[in-house]
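Note sheet for the following structure.
All figures in this text were calculated on a predicted structure; none of them were measured in a lab. Labels below follow one simple rule: chain letters A, B, ... track the order of the sequence lines, proteins then strands, and each chain is numbered from 1.
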Protein chains: 2
Amino acid sequence: MDQTTQARYEARARVMKALAHPTRLFIIDQLADREECVCELTAMIGADVSTVSKHLLVLRDAGIVDNDKRGNQVFYSLRVPCVTNWYSCVEGVLQADAQQRLAAIR
Amino acid sequence: MDQTTQARYEARARVMKALAHPTRLFIIDQLADREECVCELTAMIGADVSTVSKHLLVLRDAGIVDNDKRGNQVFYSLRVPCVTNWYSCVEGVLQADAQQRLAAIR
DNA sequence: CAGACATTTGGCTATTTTGCCAAACAACCA
DNA sequence: TGGTTGTTTGGCAAAATAGCCAAATGTCTG
C-alpha cells in the first residue's frame, strides 16, 4: 500500500472513528431533524456537560457537524446529512447477525 | 435516554467501530470485488500476519465479513456489501472539509 | 460591576485498542 | 512421519479514548 493510498484510508478512518461511539451516534440522530444547543443535547444524553462538549468537539473536528454561537448558547447542526443514511446499512449488519444466531440455534 | 435506546446505539456503534480503522477500511475495499485469503490481504497491507488476522477477527465479530476455510487457507468475504456505499458519504465529509479550508485561506 | 447561565478546557485515571513477537494449530506434501 | 505453509492465539508495551471533576471563559441581566 503506497503512501497516498494509506493517507486516503487514514482520512476516511478519522471520519468513521468520529462516529464510532453510541453517544455520538445519538447526537447525529438528534441533529438530523434540526439543530440543537449543547444544553438540550446534554439533557437528553444524561452525562456531564463537559463529556457532551467533548463528543461534539470530536464530531466537529471530523467535519461532521457545524456549530453556531448565538448569545449564550452554542447550536450544533449536521454539516453532511448523508451520514444518517448509513443506519439502514448498519441495521442490515445487525439483522444479518441476528438471523445467523437464530439459524445456529435451529 | 432509556435502556432500549441506549442498547440500540451501542449495537450500531459496535459496527461502526469495527470499520473505524484504516487497515480495516482497506480490507473492506479489497473484499468488495471478490473474496481474498489472509495471505493475499497481508501481502497487500504489509503488516504482520497476526495483525491482519486480528483485524479480520474484529470485522468478523462485528458481522461484516464471513470466512471460509478451504484447505490450507482461509478466505474472507463481505457479508454486507452496502458498507462500501458509505465511501461516497465519507468523501463528502472530507471534501466539505477541504473546501472550508480553502475558503478560510481566501 | 456582580451574579447567573452556557460552554469549553485542563487534568487525571480507568479502559480499550493497536501491533509486534513468539508460540500453538491446522492442513498439506515429500 | 517430519517439514513447510497458512492462520490464529497469547501476551505484552505503547498509544488512544472516555468520562468525571474543577476551573476558566464568555455572554447576558440586573
Side-chain angles (χ1 to χ4, degrees), chain A residues 1 3 6-7 9-28 30-31 34-77, chain B residues 1 3 6-7 9-28 30-31 34-77:
Chain A
M1 194 162 23
Q3 256 192 342
Q6 175 128 17
Y9 283 104
E10 278 166 8
R12 288 174 175 177
R14 271 191 292 277
V15 176
M16 300 295 291
K17 205 183 286 194
L19 287 163
H21 189 284
T23 300
R24 294 198 291 267
L25 288 177
F26 175 81
I27 291 173
I28 295 294
Q30 296 311 308
L31 301 184
R34 59 172 177 288
E35 61 173 18
E36 295 279 9
C37 65
V38 179
C39 50
E40 188 60 37
L41 291 169
T42 301
M44 291 191 280
I45 292 165
D48 196 274
V49 203
S50 68
T51 301
V52 175
S53 179
K54 279 178 183 171
H55 280 307
L56 288 166
L57 182 66
V58 170
L59 290 171
R60 197 181 176 304
D61 283 347
I64 296 166
V65 302
D66 255 337
N67 61 0
D68 182 25
K69 181 161 200 167
R70 290 206 296 279
N72 223 355
Q73 10 191 341
V74 180
F75 290 87
Y76 280 81
S77 57
Chain B
M1 194 163 22
Q3 257 192 343
Q6 176 129 16
Y9 283 104
E10 278 167 8
R12 288 174 177 177
R14 271 193 292 278
V15 176
M16 300 295 290
K17 205 184 285 195
L19 287 163
H21 190 285
T23 299
R24 294 197 290 267
L25 288 177
F26 175 80
I27 290 173
I28 295 294
Q30 295 311 307
L31 301 184
R34 61 173 175 288
E35 60 172 19
E36 295 280 8
C37 64
V38 179
C39 52
E40 187 60 38
L41 290 169
T42 301
M44 289 189 282
I45 291 164
D48 196 275
V49 202
S50 69
T51 300
V52 175
S53 179
K54 279 179 182 169
H55 280 306
L56 288 166
L57 182 65
V58 170
L59 290 171
R60 197 181 175 304
D61 283 347
I64 297 165
V65 302
D66 255 336
N67 62 0
D68 181 25
K69 182 160 201 169
R70 291 206 296 278
N72 222 359
Q73 13 191 5
V74 180
F75 289 87
Y76 280 81
S77 57

Mind calculating the distance between [atom1] ([X]) and [atom2] ([N]) to the nearest angstrom?
X: B:L57; N: C:dG19; atom1: CG; atom2: C1'; value: 15 Å
X: B:L56; N: C:dT18; atom1: CG; atom2: C1'; value: 15 Å
X: B:Q73; N: C:dA27; atom1: CD; atom2: P; value: 13 Å
X: A:L41; N: C:dA6; atom1: CG; atom2: C1'; value: 13 Å
X: A:N67; N: C:dT8; atom1: CG; atom2: P; value: 7 Å
X: B:L59; N: D:dT7; atom1: CG; atom2: P; value: 16 Å
X: A:R60; N: C:dT8; atom1: CZ; atom2: C1'; value: 12 Å
X: B:I27; N: D:dT7; atom1: CD1; atom2: C1'; value: 14 Å

For nucleotides 1-4 of chain C, which of its nitrogen or oxygen atoms have a protein nitrogen or oxygen under 3.5 Å away, and what is each distance?
none

Looking at residues at least two apart in the chain, or sitting in another chain, which of them share a side-chain contact (heavy atoms from CB on, under 4.5 Å) with [X]?
X: B:S50; answer: B:D48
X: B:R70; answer: B:E35, B:D68, B:F75
X: B:V74; answer: B:V38, B:N67, B:K69, B:Y76
X: B:H55; answer: B:H21, B:T23, B:R24, B:I27, B:T51

Axis bend over the full length of the helix from C:dC1-D:dG30 to C:dA30-D:dT1, computed from five pairs that close each end, to 10 degrees:
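Taking the rotation axis at each end, their angle is 10°.
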Name the closest nucleotide to the B:V74 side chain, picking from D:dT8, C:dT7, C:dA27.
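Output: D:dT8.
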Taking side-chain hydrogen bond (donor to acceptor under 3.5 Å, both in side chains) as the test, write out the residues that go with A:E36, two or more places apart.
A:R34
Nearest 0.5 angstrom please: B:E40 CD to B:T42 OG1, how far?
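Going from CD on B:E40 over to OG1 on B:T42, the span is 9.0 Å.
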Interatomic spacing from CG in A:L59 to CD1 in A:I28 - rounded to 0.5 Å:
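Atom-to-atom, A:L59:CG and A:I28:CD1 are 5.0 Å apart.
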If you assign B:F75 and A:G71 each to the DNA chain D nucleotide with the nearest heavy atom, which residue ends up on the more 5' nucleotide?
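It is B:F75 whose nearest nucleotide is closer to the 5' end.
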Find every protein N or O atom lying less than 3.5 Å from an N or O atom of nucleotides 15-19 of chain D, and list the pairs.
| residue | atom | partner | partner atom | Å |
| --- | --- | --- | --- | --- |
| D:dA18 | OP1 | A:R24 | NH2 | 3.4 |
| D:dA18 | OP2 | A:R24 | NH1 | 3.4 |
| D:dG19 | OP2 | A:H21 | NE2 | 3.4 |
| D:dG19 | OP2 | A:H55 | NE2 | 2.7 |

Give a yes/no on whether any side-chain N or O of B:Y76 is located under 4.0 angstrom from OP1 or OP2 of D:dG6.
no
All N/O donor-acceptor pairs, side-chain side in residues 9-18 of chain B, below 3.5 Å, sequence neighbours left out:
| residue | atom | partner | partner atom | Å |
| --- | --- | --- | --- | --- |
| B:Y9 | OH | A:D29 | OD2 | 2.3 |
| B:E10 | OE2 | B:Q6 | NE2 | 3.3 |
| B:R12 | NE | A:E91 | OE2 | 2.6 |
| B:R12 | NH2 | A:E91 | OE2 | 3.1 |

NA contact type, A:T42, heavy-atom cut-off 4.0 Å: base, sugar-phosphate, or nothing?
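No contact.
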